[in-house]
Amino acid sequence: MTGDDVVHPSLLKRKIIHFDMDAFYANIEIRDRPDLKGRPVIVGGSPQSRGVVCTASYEARKFGVKSAMACSHAYRLCPEAIFLKPDFDKYSKVSQEIRAIFSHYTDKIEPLSLDEAYLDVTENSRGLYAVKIAQLIQQEVFETLKLTGSAGVAPNKLVAKIASDVKKPFGITVILPQQVKGFMEQLPLRKIHGIGPASEKRLASCNLRICKDVWSYTLADLEHLVGKQASWLFNRSRGIDERDISTSRVRKSIGRETTFAVDSNDMNVLTDVLVRLSESLERSCSRGGYAGKTITLKVKFEDFSMLTRSLTKTQHLANKEEISEFASTLLTQSWVGKKVRLLGISLSSLRKTEQPESSLTLLNQPALDADFEMS
Ligand code: TTP
Ligand code: MG
């Protein structure tokens with residue numbers, strides 16, 4: 001064995017499962033409406049709207065439909081698709097049920113969103129192998145919830161998350177410590193959680209496209225090339241990630257946004273939308289038991305340029321009157337007369353008020369729910 005083949009000591013410390021549900025929103029809808037089985041289903045805005053696709057069933061994906069795509073585009077690709085509005089309350093409930101199943105196997109659970117979580121199973125009450133636990137969870141989710149999920153089993157969060165995507169749907173991919181290097185070698189850097197389209201482009205301009213491209217640089221050379229990100233990239237590209245499971249993720253913001261059917265610069269229309277967004281935001285705050293000190297308005301204009309403006313108050317707030325009043329103030333301050341395509345309001349600098357209204361925690365719902373229709 002050459003020095004290069006020695007397994008990094010951090011890879012011998014943990015056993016992590018990343019579990020991610022398959023076509024989550026769509027499969028819940030199909031489960032609840034058996035007539036949809038086998039048909040292309042798209043959850044998101046309506047086909048004529050300019051809302052976006054939250055998710056598409058695997059049948060719809062065959063036509064090229066993807067999350068975050070404009071619904072009108074999805075409709076052109078797959079006119080026979082069934083378009084459904086998202087039902088976030090239902091998805092939150094299912095998410096809680098999945099989490100309850102995880103807790104049968106470990107207490108160390110870090111939810112990432114409604115449909116995915118990291119589980120640390122290094123030591124588990126039943127003394128089972130990590131792969132066995134992944135199988136049992138997959139089976140229990142299938143039998144009790146009639147839904148499928150996929151798992152990645154690996155020595156850390158980074159590799160487990162990439163692995164869970166390899167054999168979707170209903171697959172399990174196991175990467176042992178000695179397989180990490182080989183698994184990472186040809187992997188596009190974009191697959192690393194934390195490298196988005198902008199970083200991907202920037203790295204590609206330095207001729208860094210797959211993990212192995214990074215390996216030929218010393219840390220010092222990489223620093224010259226990519227700056228502050230160097231040490232993170234140096235480790236991640238080698239499959240090294242020493243982060244522990246964080247069981248107390250604190251929600252940072254809570255928000256609502258909507259894309260208009262028709263662009264508008266009519267202040268009455270825009271104010272009306274802010275009122276409705278504020279009402280919806282108030283409901284989310286009360287369900288989750290949150291109040292926030294900073295209110296942020298997001299505006300996307302007809303030319304797709306975007307601005308965000310924030311206001312921080314001395315007191316936490318969560319009621320619709322105050323939210324819409326401050327949002328309107330921010331809108332007036334940022335008014336440039338251009339037609340608006342999207343408005344969003346979010347609250348941050350959150351604190352927990354009291355017990356949430358229901359046992360459902362909205363902690364891991366996306367910060368901004370996907371567009372919902374404003375009729
Ligand atoms: P994902 O796990 O990314 O996607 P998925 O579960 O639909 O499909 P798969 O994992 O099999 O590839 O996201 C989970 C849910 O989050 C998804 O069902 C809908 C929602 N979502 C959005 O609302 N907008 C988005 O852009 C994405 C990616 C997901
Ligand atoms: Mg998923």
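All ligand and atom numbering here is 1-based and tracks the order in the structure. All residue numbers refer to positions in the sequence shown, counting from 1.
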Shortest non-hydrogen contact from Ala56 to Ala23?
O-CB, 3.9 Å
Please state whether Pro169 comes within less than 4.0 angstrom of ligand 1, counting heavy atoms only.
no
Quick one: which ligand 1 atoms are inside 4.0 Å of a heavy atom on Asp20?
2 (O), 10 (O)
Relative to the heavy atoms of Phe24, which atoms of ligand 1 are at a distance of less than 4.0 Å?
5 (P), 6 (O), 7 (O), 18 (O)
Tell me yes or no: between the side chains of Thr294 and Thr312, is some donor less than 3.5 Å from an acceptor?
yes
Please verify whether a non-hydrogen atom of Lys66 lies at under 4.0 Å from ligand 1.
no
Between Asn265 and Gly337, is there a donor-acceptor pair closer than 3.5 Å when you use the side chain of the first and the backbone of the second?
yes
Check this for me - ligand 1, Asp115, N or O atoms closer than 3.5 angstrom, yes or no?
yes
With the Mg ion (ligand 2) at the apex, how many degrees lie between OD2 of Asp115 and O of Met21, rounded to 10 degrees?
90°
Just which atoms of ligand 1 are under 4.0 Å from any heavy atom in Ser67?
25 (C), 26 (O), 27 (C), 28 (C)
Say whether Glu116 and ligand 1 are in contact under the criterion: heavy-atom distance to a ligand atom below 4.0 Å.
no
Distance under 4.0 Å to a non-hydrogen atom of Thr55: what atoms of ligand 1 satisfy this?
5 (P), 7 (O), 17 (C), 18 (O), 19 (C)
Heavy atom to atom 27 (C) of ligand 1, shortest distance: which of Ala56, Cys54, Ser150 holds it?
Cys54
Please could you name the atoms of ligand 1 that Ala23 approaches to less than 4.0 Å, counting only its heavy atoms?
5 (P), 6 (O), 7 (O), 8 (O), 9 (P), 11 (O)
Check Asp20 and report its N/O/S atom nearest to the Mg ion (ligand 2), by atom name.
OD1
Do you see a donor-acceptor pair shorter than 3.5 Å between the side chains of Asp120 and Thr106?
no
Residues Arg256 and Ser280: side-chain donor-acceptor under 3.5 angstrom:
yes
Distance alone, cut at 3.5 Å: any donor-acceptor contact between the side chains of Tyr91 and Glu29?
yes
Any heavy atom of Glu29 under 4.0 Å from ligand 1? The part involved is neither
Salt-bridge criterion met for Glu110 and Lys157 (N-O under 4.0 Å):
yes
Should Lys108 and Glu123 count as an ion pair when the cut-off is N to O under 4.0 Å?
no
Is it the case that the side chain of Arg238 and the backbone of Phe234 share a donor-acceptor pair, with hydrogens and angles ignored and the cut-off at 3.5 Å?
yes
May I ask which of Tyr58, Phe88, Tyr91 has a heavy atom nearer to atom 11 (O) of ligand 1 than the others do?
Tyr58
Got an N/O contact under 3.5 Å between Asp165 and ligand 1?
no
Between Lys320 and Glu279, does any side-chain N to carboxylate O distance fall below 4.0 Å?
no
Taking distance alone, with no angle check, do Asp22 and ligand 1 share an N/O pair under 3.5 Å?
no
Close N or O approach (Met21, ligand 1; < 3.5 Å)
yes
Any ion pair linking Asp263 and Lys338 (charged N to carboxylate O, less than 4.0 Å)?
no
